[in-house]
Amino acid sequence: MPADLSHIRNFGICAHIDAGKTTVSEHILFYTGKNYKIGEVHEGTATMDFLQEEQERGITIQSAATTCPWEYKGKEFKLNLIDTPGHVDFTIEVERSMRVLDGAVAVFDGKEGVEAQSETVWRQADRYRVPRLCFINKMDKIGASFEFSYNTIKSRLGANGVPIQIPIGLGHQHRGIVDLMTMKGYLFEGDHGENIKEIAIPEDEQEMAEKYHHIMVEKIAELDDELATDFLEGKEISVERLKAALRAATIKQRCFPVLCGAALRNVGVQILIDSIVQYLPAPTEKPDVTGTDPNDKDIPLSRPHDPDAPFAGLVFKVVSDMHGDLTYIRVYSGKLGKGTRILNPGNGKTENASRIFEMHAQNRIPLDEVTAGNIVAIVGIKNSYTGDTLCDSDKPIILERMHFPEPVIAMSIEPKSQDDKRKLSEALGVIRREDPSFRSQFDEETGQTIIMGMGELHLEIIRNKLIRDMKINVETGKPKVSYREAISKKVEDVRGLHKKQSGGRGQFGDCMITLEPYSAAQAEEAELDFTDNFAFENKIVGGVIPKEFIPSIEYGIRQQAKTGVKFGYPLINAKATLTYGSYHDVDSSQIAFELAGMEALKLAVDRAGPQLLEPIMKVVITVPNDYLGNVTGDVSSRRGMIIDTEDRDPVKMVQAEIPLSELFGYTTALRGMSQGRASATMEFLEYRPMPAGLMKEMTEEKGGAKKK
């Protein structure tokens, strides 16, 4: 394997569910020699989908990492590949993969083009500034259209797609591709398409090839001033110059090369691998990784992608294993040797990298050392979780953390025996470490354990994992929506006083706050911590409250916001500003000010027009024209709003926004009203205020339940 960082490519495969991501990954593993046979998703034999749930359902649930070699123009390259899920319930797996990748291949269905989840993963890649190639897969599908799919990349994603290939034939006729750079055709022959045969462009493809060649050259010329001048003057531009300009612009995310093929039919994958090497960046071509000083978050720090720099890496995944937890890290700078002690600057704890492995799905290859630019799994890490930094103890740095979505659905879960109760507590801790989008808590009122996740499928898979993999007997309740609280107006000078005298030393805490609606954008502009979508600002002057009590007030306010004030759900999109207060020389304490902070928030929320927010889902329904009326009528009956209807003969694509509380069992209902011919995908969009009538009804129900 090459030691040269310029010969490493860290990339992921991402797309909408069923676009063929895992099939593309399996073919990459086969052609790079990592696998001796191609695993198939529909047969449950895919290498990258090695979990039992993945093989039974034919979907990817957790991202899998592997390393494979590839020779390009006589040079050996090392490819670190991550296959990510397409189902929206497992969006956290895409999120954490995007954070550590240098590039990605976005796979699209050749008939459907850009679909709902394609947009979500594209935006995630935008957030982490990940350069991408677009691979329009399934050109062999009946109804496939390169032109339609290419246009959806431009129209739905607003992306500057640059076509560098077109298909030879579509549907059953699809057998190869035209390279628009060299203007040559390629057929893929042999049992697995391993023999690539160069041919002249077929006559019936000539006109389309010339049209797209002109589009390609014009689009690349727009990205480079020198090329633009030559293009306008009608000069011939060499293939080498076109490729160099395309590579430079792709790395800067100014454009996205568009390729095509059919992975299942073994068409186009080897040329896709060449393009990954050609157009996606090496670690050294990415900007230095940035972070902050652990001792002063206002001091920015950075690390170069250099093996000789101080060690810094980011934990992006933790997998529990019978032989010890596997902690996946991306090494950004420096070297890490087996048995080295390293620091987690976030919690101040020292960790021991007792063993280092290069991963191939669930198989491991032991390493003595890992250098910058690589992705590995480590055994021996005890106190570090997804998003944590690991670094050299003498040169600490905290790298930028990841964005974790809030869970929107909850379900009660109860162990059947005392032994199951003990095991359940441990198991939920393990799952929380593995999956940052999962939460669990014990409800004191009902005596039940509540688990929360991103959707019904997410919770169902966690339940199956507890019962089948961890052998814990549990009973689950019906899923429930995870609501949020908010306020509708600003209130000032709300006093929270905690005063208690019961013989001996008393308790005294007194604070005054302003509470107002607040957003993430405002917090970012003001550089305030917006943890749990709640901000706190200290404006105490003149020492009316001693400095040492301020963190206690903030802690009390944040704890009260987290557990809910009016309706028992977390309070979000608000900011508390500490403006005034008083203290007692003897009776004031940390706990007294913590309780005063809690009291101030309760009183402030009461006066600030409390609201109940409900999660709204973006739902995209694919429905045959005959059933459109049934489906749109049903959306309205579920308090839904139709945003857009697109004609994709012979079906309609209906985009709607529907409250999550109205969507339980929706897939089954949709099949029933369309004779099994309609399908839907859904993802969390935002929290919105609940209609007043429903809010009243729900709070009365909750109040009634408490009285009983």
Side-chain angles (χ1 to χ4, degrees), residues 13 15-27 38 40-43 58 86 105-115 118 133-156 161 163-180 183-213 215 258-272 275 622-625 646-653 676-679:
I13 309 277
H16 182 91
I17 193 166
D18 278 343
K21 296 175 309 305
T22 302
T23 306
V24 170
S25 300
E26 290 297 320
H27 281 72
I38 298 170
E40 299 298 357
V41 176
H42 57 273
E43 291 172 4
V105 176
V107 180
F108 302 99
D109 184 305
K111 183 181 176 222
E112 308 299 337
V114 172
E115 298 173 87
S118 318
L133 302 181
C134 301
F135 183 68
I136 301 176
N137 191 28
K138 301 193 178 184
M139 288 281 103
D140 58 329
K141 197 174 178 179
I142 294 167
S145 164
F146 177 83
E147 194 144 7
F148 167 77
S149 299
Y150 171 64
N151 287 334
T152 63
I153 290 170
K154 292 190 294 178
S155 62
R156 289 187 198 148
I164 60 172
Q165 294 175 359
I166 60 165
I168 296 176
L170 291 168
H172 294 316
Q173 306 297 317
H174 180 56
R175 61 192 193 283
I177 59 158
V178 172
D179 182 335
L180 299 173
M183 289 301 276
K184 288 175 182 168
Y186 293 94
L187 303 181
F188 297 80
E189 298 176 342
D191 291 344
H192 300 295
E194 61 271 37
N195 304 320
I196 304 173
K197 182 181 175 186
E198 187 183 301
I199 59 163
I201 298 172
E203 260 180 55
D204 53 350
E205 303 292 351
Q206 193 72 41
E207 191 182 329
M208 189 177 171
E210 281 168 13
K211 172 189 159 183
Y212 275 98
H213 175 76
I215 291 171
V258 180
L259 301 90
C260 62
L264 200 59
R265 288 270 293 267
N266 312 309
V267 174
V269 179
Q270 298 98 310
I271 295 176
L272 170 65
S275 300
T622 307
V623 55
N625 294 329
E646 189 184 330
D647 195 5
R648 289 209 196 168
D649 199 44
V651 297
K652 290 276 196 296
M653 299 284 287
R677 293 175 62 197
S679 62

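The pair Glu147-Lys211 counts as a salt bridge, with a side-chain nitrogen and a carboxylate oxygen less than 4.0 angstrom apart.
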Assess whether side-chain contact (heavy atoms from CB on, under 4.5 Å) is satisfied between Val105 and Leu259, documenting all intermediate values.
-> CA-CA 10 Å; Val105 176; Leu259 301 90; over 6 Å; no

List the steps and the verdict of side-chain contact (heavy atoms from CB on, under 4.5 Å) for Ile142 and His172.
-> CA-CA 7 Å; Ile142 294 167; His172 294 316; 3.8 Å; yes

With side-chain contact (heavy atoms from CB on, under 4.5 Å) as the test, would you mind laying out the steps for Val258 and Gln165 before giving the verdict?
-> CA-CA 7 Å; Val258 180; Gln165 294 175 359; over 6 Å; no

List the steps and the verdict of side-chain contact (heavy atoms from CB on, under 4.5 Å) for Ile196 and Gln270.
-> CA-CA 9 Å; Ile196 304 173; Gln270 298 98 310; 3.8 Å; yes

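For Asn266 and His27, the side-chain atoms include at least one donor-acceptor pair closer than 3.5 Å.
Applying the 6.0 Å contact sphere to NZ of Lys154 captures more than 12 heavy atoms from other residues, nucleotides or ligands.
Residues Ser149 and Asp109 share a closest heavy-atom pair of OG-O, 3.6 Å. Across every non-hydrogen atom of Met208 and Phe146, the tightest pair is CE-CD2, 4.1 Å. The minimum heavy-atom distance between Val24 and Ala263, with the atom names listed, is CG2-CB, 3.8 Å. Counting all heavy atoms, side chain and backbone alike, Val107 lies closest to Gly20 at CG1-C, 4.4 Å. Across Gly268 and Phe135, no two heavy atoms sit closer than the pair O-CE1, 4.3 Å. When all heavy atoms of Pro167 and Cys260 are compared, the closest pair comes out as N-SG, 3.4 Å.
In this structure, OG in Ser145 is found 8.0 Å from CG in Asn151, a value given to the nearest 0.5 Å.
The residue from Ile168, Leu272, Ile271 that alone fulfils the side-chain contact (heavy atoms from CB on, under 4.5 Å) condition with Ile177 is Ile271.
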